[in-house]
There are 2 protein chains.
Amino acid sequence: MAPRNDARRGTTIYSVADTAGVSIATVSRVLQGSPLVSERTTRKVLDAVAELDYLPSGAARSLAVRHHDTYGLVLPELNGPYYAELLVGFETRAAELEKSVMLVLAGTKEDRDSALRTLATRVDGIAVFGSDAYVVSSGKPVVVIAGHARAGIEAIAAENVEGARLLTEHLLVDHGRTNLRFVGDIAAAADLLERYEGFTAAHRERGLTPPEPVRAEFRERDGTAVAELLLAGDLPADALVCGNDELALAVMARLTDGGVDVPEDIAIVGWDDVMTARYVRPGLTTVRQPVQELGALAADRLHDLVSGAAPSAERRVLASEVVIRSSCGCPPGHPAG
Amino acid sequence: MAPRNDARRGTTIYSVADTAGVSIATVSRVLQGSPLVSERTTRKVLDAVAELDYLPSGAARSLAVRHHDTYGLVLPELNGPYYAELLVGFETRAAELEKSVMLVLAGTKEDRDSALRTLATRVDGIAVFGSDAYVVSSGKPVVVIAGHARAGIEAIAAENVEGARLLTEHLLVDHGRTNLRFVGDIAAAADLLERYEGFTAAHRERGLTPPEPVRAEFRERDGTAVAELLLAGDLPADALVCGNDELALAVMARLTDGGVDVPEDIAIVGWDDVMTARYVRPGLTTVRQPVQELGALAADRLHDLVSGAAPSAERRVLASEVVIRSSCGCPPGHPAG
DNA sequence: TTGTATGCGTTATCAC
DNA sequence: GTGATAACGCATACAA
């Protein structure tokens, strides 16, 4: 028996069944595109749908089919192109898979937990950037991006240590720098730590003892703070491997303003290949990660997991690419310059 | 009678009711934080919840309460900081309102329609960037961002024409330029058209006939194409008002490489104040919009609409701010450089 | 080809 | 305080 449809409290499948003169089962069938409905009835139903401006209830459907056709994506923030690209890759692939995406940006610790809890309530699976205690224990399929794998949790990432090793090596051998420093907060993110590992590896391979990292957040002002140190002579170095481009750019700008020549006096390299990196002079040598592909991969893995696949034990890592410009000491003039 | 709970097909409110030895009504009450449950029962329920790792079904809840506690956001893309900031503002405000956000990036025309249709199915209201035929007719509350209002549809935007008028005036009177061109595809977006209107207004106020706009997309390569025209002498101009910063930056870079002096030979201004704008030399004069606030406002308006407020007939516009650097001809040295 | 009836997992209105 | 139980709006197995 149809629920009361007295009030104009939203058109339901019952209303269209009524005005089309068929049962709700039939309405449901034509809406699903079932082939076993007569053309005539199909038309009647479609007409009713159009007439009533019928909009199905996603909640009711999800409840009936027992899944949400929605994936969650949890990002720490959205500054700079990195996370945006990740999001694009994820959303695009999800759209291809005909899944909706719910986004949550990690705010305060407390808000975050609550937001994540309700997120888990509305999706089939979640992709998190970095490791997150709660999400991981939500029971739903999870893939962590650029974080560490755990039992039963898949992890994917872009290559970090090898790229950093190459970059460091480039500075050490190709440019003969002898006093490198890594700048970035290696405690803040797993991938930063890995970049530092590449940095140390390149040193150790040559019998050098790797210097301690110079702590700095990603913000621009942290970069200028580091530059001040350099300018004041409190931080001797002839090359800087920065945790990301924002940092590198900020340091470079302040240094240049302060009269030091990059890369003559000090070489600087970054990570991410943001737009500014190719507009600034000297062009910033950096590393380009396949960020969009990473996002797409996250959606793909989630899809497999949700479809019942067992989480793979080893994490997949996508290759990154060193982009040489001239802040490392190489001559300018490369095409991408 | 409780549905069969034989299989481990996900823990439901019935399972926790069972293991807690209470009714589902009671479970629901403690989960809602109802005050009229005894402390003892509360504890029992909470224990059961913890033991079973119970995760409620958002779909079931939405169906019961007849709303989704979710807002949809439809963006054309996510290149550059503009949309990202809009998204941040929207998500942040939505989170404060305890709403989830579903994001859809407009892909192909066809995919888009389908995606929007199902989006409407899962949310209480939708914020769209620009005008979108389908969303507007979805029946759900809609607010359009940076587009035109229609009957029953709220619109919000950042100030465009006045900013453009000011910028143009600055070039015309403060720097005595006489041959300005507006570059950008004014047919592509409502706000670009408005910027062009400001451009023409400044001309007309002085009895000048405003030149036709130079068509160009937002992509960088379109900017370099325009620069080639200039370089070849096919486009006489001593000042360019570009539709956005990416365009301005690309033009400026190609021009500089081609040996023309900015701003001596030609002044260039942009729009958006992207990060590169302050790192590049000369610093790019541009306009900063309150993008994040715009996103937050969208969420706010949506919230009011969903709460039953009548859509306001006039659109709200947030003030933008001209950022003077030196690509317009002003001397460098301002704090923001 | 179409209709009937039931389940999906909550919330909320009654009773007790 | 707590427990039945009726919606909520759809999908679908089973009948017809």
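Just so you know, these numbers use all the heavy atoms, side chains as well, and skip hydrogens, waters and symmetry mates. The chains referred to below are lettered A, B, ... by the order of the sequence lines, with proteins before strands, and numbering in each begins at 1.
- A salt bridge links Glu194(B) with Arg315(B): the closest approach of a Lys/Arg side-chain nitrogen to an acidic carboxylate oxygen falls below 4.0 angstrom.
- Note: OH (Tyr14(A)) to P (dT6(C)) measures 12 Å, nearest angstrom.
- Heavy-atom minimum distance, Asp124(B) versus Lys140(B): O-CD, 4.0 Å.
- Contact check for Glu98(B) versus Asp69(B): no side-chain heavy atoms found under the 4.5 Å cut-off.
- Contacts of Val22(A) with the nucleic acid, taken as non-hydrogen atoms under 4.0 Å apart, involve only primed sugar atoms and P, OP1 or OP2.
- At a cut-off of 3.5 angstrom, the base of dG3(C) holds at least one donor-acceptor pair with the side chain of Arg29(A).
- Among the nucleotides dC8(C), dT2(C), dG3(C), the one closest to any side-chain atom of Arg66(A) is dC8(C).
- Between Asp304(A) and Arg301(A), at least one side-chain nitrogen of the basic residue sits less than 4.0 Å from a carboxylate oxygen of the acidic one, meeting the salt-bridge criterion.
- dT11(C) atom C1' lies 9 Å from atom CD1 of Ile24(B), rounded to whole Å.
- If you take CG of Leu31(B) and C1' of dG9(C), they are 12 Å apart, rounded to a whole angstrom.
- Note on Ser62(B): every side-chain N or O is 4.0 Å or more away from OP1 and OP2 of dT10(C).
- When the side-chain nitrogen and oxygen atoms of Ser28(B) are compared with OP1 and OP2 of dT11(C), one or more of them lie within a distance under 4.0 Å.
- Between Arg40(A) atom CZ and dT2(C) atom P the separation is 9 Å, expressed in whole Å.
- In the set dC10(D), dT10(C), dA4(D), the nucleotide with an atom closest to the side chain of Ile13(A) is dC10(D).
- Nearest-nucleotide mapping onto DNA chain D: of Val37(B) and Val65(A), the residue sitting toward the 5' end is Val37(B).
- Thr26(A) comes within contact range of the sugar-phosphate backbone alone, with a heavy-atom separation under 4.0 Å but no base atom that close.
- In this structure, the CZ atom of Arg122(B) is 13 Å from the C1' atom of dC10(D), given to the nearest Å.
- Between dC8(D), dT12(D), dT10(C), one nucleotide has an atom nearer to the side chain of Leu63(B) than all others, and that is dC8(D).
- One interatomic measurement links the two molecules: NE2 of His68(A) to P of dT10(C), which rounds to 10 Å at whole-angstrom precision.
- The distance from atom CD of Gln32(B) to atom C1' of dT2(D) is 16 Å, rounded to the nearest whole Å.
- Comparing Leu36(B) and Ala64(B) along DNA chain D, the residue whose closest nucleotide (by nearest heavy atom) sits nearer the 5' end is Leu36(B).
- The shortest side-chain heavy-atom distance between Thr12(B) and Ser57(B) does not fall under the 4.5 Å cut-off.
- Closest contact between the side chain of Thr12(B) and the listed nucleotides dA4(D), dT10(C), dT4(C) involves dT10(C).
- Here Thr41(A) lies in heavy-atom contact (under 4.0 Å) with sugar-phosphate atoms only.
- Rounding to whole angstrom units, NE2 of residue His67(B) and C1' of dT11(C) are separated by 11 Å.
- Of the candidate nucleotides dC10(D), dG3(D), dT11(C), dC10(D) has the atom nearest to the side chain of Ser57(A).
- For the pair Leu87(A) and Leu103(B), the minimum side-chain heavy-atom distance is below 4.5 Å.
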